[in-house]
2 protein chains.
Amino acid sequence: MPLSRERIVTAAIDMIERHGVEAVSMRRIAAELSCGVMSLYNHVPSKAALLDDVAERVMSGIEFTAAPGAGWEDQVRAQARAFRAIARRYPRCTMVVVSRPTNSVTGLRPIENALATLREAGFGGGDAVLIMRAFVGFILGSLLREVGVSPALGDAHPSYSAQAPQRLHLDPEEFPQVTSLTAELTRRDPDADFEFGLDLLVHAIAAMVPATPAS
Amino acid sequence: MPLSRERIVTAAIDMIERHGVEAVSMRRIAAELSCGVMSLYNHVPSKAALLDDVAERVMSGIEFTAAPGAGWEDQVRAQARAFRAIARRYPRCTMVVVSRPTNSVTGLRPIENALATLREAGFGGGDAVLIMRAFVGFILGSLLREVGVSPALGDAHPSYSAQAPQRLHLDPEEFPQVTSLTAELTRRDPDADFEFGLDLLVHAIAAMVPATPAS
DNA sequence: ACCTGAACACCGTTCAAGT
DNA sequence: ACCTGAACACCGTTCAAGT
């Protein structure tokens with residue numbers, strides 16, 4: 001099997017999911033593909049570019065399965081869930097996607113879809129962009145939280161995070177809420193969290209939907 | 001001036017803001033502090049721990065300036081803005097904060113505050129946690145977008161991002177919305193974006209506030 | 001207790017040499 | 001056109017030696 005950009009990117013993705021981004025090196029990838037390190041550079045200009053390709057590939061896996069006749073609320077929900085679905089499939093690659101600027105056309109596809117849905121719902125261009133940005137913010141942050149790293153109590157996906165048992169002792173005087181709500185805070189139900197936030201945003205947007213939908 | 005953990009963390013933060021995280025190395029920090037590399041290890045166990053300290057220090061800079069008599073809406077807004085303020089002060093460190101799990105007590109402070117505000121507004125524990133998480137998601141994602149990296153058209157803070165001129169050509173047939181809304185999409189007004197999303201969430205939450213506030 | 005240089009096992013990437 | 005080993009300028013960290 002000849003070396004190719006595709007094969008290298010695939011190897012990188014596998015390695016990220018298996019051992020984490022920090023474990024990825026050009027030398028390890030070469031070893032995985034049984035070739036010399038420098039052979040990689042015939043297909044990929046640099047490690048940074050390779051990681052860009054990883055992000056690109058992962059993003060391109062987004063699949064929208066919106067019912068054609070559905071209202072804009074369901075469409076928006078479906079788009080948000082599609083975005084999130086890739087994070088569940090490639091949890092560790094998601095960190096790469098999220099922490100790296102995407103100037104590629106692939107990254108614009110979801111944005112185009114969201115804007116189209118919102119405009120069809122009757123929103124003006126300016127509002128559509130603002131609403132889309134609020135959604136992107138929420139989705140991005142939720143994935144970040146979910147994928148394991150966040151300024152929150154809960155920790156990552158159980159299979160990855162080893163720090164679960166580590167319970168830092170808290171002064172109930174200083175943290176009355178956090179201590180009294182331990183049960184709710186340690187419960188892990190990312191689906192519920194995501195859907196709740198999605199509901200909040202959709203309801204808020206529904207409240208500002210124009211009276212006369214366009215088209 | 002003797003070496004100390006504080007001085008090392010400060011040097012690391014300065015270096016991150018000036019040259020980016022990827023430029024930070026123990027050897028560079030040692031050079032900056034005019035000491036041998038290994039001297040650092042008398043005060044900091046590892047580079048990873050140092051970056052944890054960086055995140056901790058940055059987070060601890062959050063200052064809440066909520067008017068004591070203000071309603072919960074204003075309190076929540078103030079907390080979100082306080083969080084965001086540090087991202088504007090330490091844009092590049094924010095990536096470190098956001099992409100690294102915080103199991104420290106410092107990271108729980110904002111959560112405690114948010115929960116207290118929401119409970120005082122009359123929400124039950126479970127709802128308060130869900131609402132708080134939605135807010136954290138939105139804030140995290142917004143900071144990520146703002147700090148420069150995101151699946152969006154706009155790019156980072158102008159002083160950092162050099163890729164601004166790079167305009168990727170888009171097919172108007174394939175991306176009608178993105179091409180027709182170029183003006184709105186390239187406009188950079190992070191304040192407006194953030195406030196808009198904040199409004200959405202606050203309104204949605206106000207719509208579900210219980211009839212009888214607690215206490 | 002704090003500092004430090006040498007050394008080890010790694011990096012990404014350039015370059016020149018091969019086919 | 002693609003592959004590759006050697007070499008360069010880096011890494012983080014261990015260890016043993018200094019004060």
Side-chain angles (χ1 to χ4, degrees), chain A residues 1-57 92-93 95-97 99-101 149 160 162-163, chain B residues 1-58 92-93 95-97 99-101 103 149 160 162-163:
Chain A
M1 194 162 28
L3 216 48
S4 73
R5 187 182 266 246
E6 280 72 34
R7 240 159 67 75
I8 295 172
V9 173
T10 303
I13 291 178
D14 285 357
M15 197 173 288
I16 291 171
E17 286 306 326
R18 239 195 304 272
H19 308 286
V21 217
E22 67 288 341
V24 173
S25 77
M26 297 302 270
R27 292 170 133 101
R28 291 242 291 160
I29 293 172
E32 188 83 13
L33 296 173
S34 310
C35 70
V37 204
M38 292 318 299
S39 306
L40 301 176
Y41 287 86
N42 290 309
H43 304 89
V44 162
S46 69
K47 188 188 180 182
L50 173 55
L51 290 179
D52 284 341
D53 285 358
V54 166
E56 181 95 6
R57 168 86 71 80
R92 305 182 109 166
C93 284
M95 276 306 296
V96 178
V97 173
S99 60
R100 162 171 298 268
V149 291
Y160 293 140
Q163 77 262 40
Chain B
M1 192 159 34
L3 218 48
S4 73
R5 188 182 264 246
E6 280 72 34
R7 241 160 65 76
I8 295 172
V9 173
T10 305
I13 291 178
D14 285 357
M15 197 172 291
I16 290 171
E17 286 306 325
R18 240 195 303 271
H19 308 288
V21 218
E22 67 289 342
V24 173
S25 77
M26 297 303 269
R27 292 172 134 99
R28 290 241 292 161
I29 293 172
E32 187 82 13
L33 296 173
S34 310
C35 70
V37 203
M38 293 318 299
S39 307
L40 301 176
Y41 286 85
N42 290 309
H43 303 90
V44 162
S46 69
K47 188 188 180 183
L50 173 55
L51 290 179
D52 284 340
D53 286 358
V54 166
E56 181 95 9
R57 168 86 70 79
V58 170
R92 305 181 111 168
C93 285
M95 276 305 297
V96 178
V97 173
S99 59
R100 164 170 296 270
N103 294 306
V149 291
Y160 293 139
Q163 76 262 42

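All figures in this text were calculated on a predicted structure; none of them were measured in a lab. Lettering of chains follows the sequences in order, A, B, ..., and the numbering in each one begins at 1.
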Among dC11(C), dT4(C), dT13(D), the nucleotide that comes nearest once only the side chain of Val37(B) is considered:
dT13(D)

Distance in angstrom units between Glu22(A) CD and dG12(D) C1', rounded
14 Å

Quick check for you: among dC2(D), dG12(D), dT4(C), whose closest atom lies nearest to any side-chain atom of Asn42(B)?
dT4(C)

Under the criterion side-chain contact (heavy atoms from CB on, under 4.5 Å), I'd like the reasoning laid out for Arg57(B) against Glu6(B): C-alpha separation, chi angles, the key distance, then a yes or no.
CA-CA 9 Å; Arg57(B) 168 86 70 79; Glu6(B) 280 72 34; 4.1 Å; yes

Calculate, to the nearest 0.5 Å, the distance between atoms CD1 and CD1 belonging to Ile8(A) and Ile13(A) respectively.
12.5 Å

If you look at every heavy atom in Cys93(B) and Val58(B), which pair is closest and at what distance?
CB-CG2, 3.8 Å

Comparing Cys35(A) with Arg27(A), nearest DNA chain D nucleotide closer to 5' gives the residue Cys35(A)

For Ser39(B) and Leu3(B), which heavy atoms make the closest approach, and how far apart are they?
CB-CD2, 3.7 Å

To the nearest angstrom, how far is Ile29(A) atom CD1 from dT13(C) atom P?
11 Å

Length of the line joining Ile8(B):CD1 and dC2(C):C1', which is rounded to integer Å
12 Å

Measure CG/Leu50(A) against P/dG12(C) and give the value in whole Å, please.
10 Å

Let me know the distance between CZ of Arg28(B) and P of dG12(D), rounded to the nearest Å.
11 Å

Expressed in angstrom and rounded to an integer, what is the separation of Lys47(A) atom NZ from dT13(C) atom P?
8 Å

For Leu3(A) and dT4(D), give me the distance from atom CG to atom C1', rounded to whole Å.
12 Å

In sequence, state the C-alpha distance, the side-chain angles, and the governing distance for Ile16(B) and Val96(B), and then conclude on side-chain contact (heavy atoms from CB on, under 4.5 Å).
CA-CA 9 Å; Ile16(B) 290 171; Val96(B) 178; 4.2 Å; yes

Measure across Val97(B) and Ala55(B) and return the closest heavy-atom pair with its distance rounded to 0.1 Å.
CG2-CA, 3.9 Å

From CZ (Arg100(A)) to CE (Met95(B)), nearest 0.5 Å
9.5 Å

Throw together a table of side-chain donor-acceptor distances under 3.5 angstrom for residues 20-35 of chain B, partners on residues two or more places apart or in other chains.
unit_1, atom_1, unit_2, atom_2, d
Ser25(B), OG, Arg27(B), N, 3.4
Ser25(B), OG, Arg28(B), N, 3.0
Arg28(B), NE, Ala23(B), O, 3.2

Give each stem of DNA chain D as a range with a range, requiring at least 3 consecutive Watson-Crick or G-U wobble pairs whose two distances are under 3.5 Å.
C:4-8 with D:12-16, C:12-16 with D:4-8

Verify the contact: side-chain N or O of Ser39(A) to OP1 or OP2 of dC2(D), cut-off strictly under 4.0 Å; return yes or no.
no

Show the nearest heavy-atom pair for residues Ser46(B) and Ala49(B), with the distance to one decimal.
OG-N, 3.1 Å

Pairs: protein N or O with nucleotides 14-19 of chain D N or O, under 3.5 Å:
none

Does dA1(D) have its OP1 or OP2 closer than 4.0 Å to a side-chain nitrogen or oxygen of His43(A)?
no

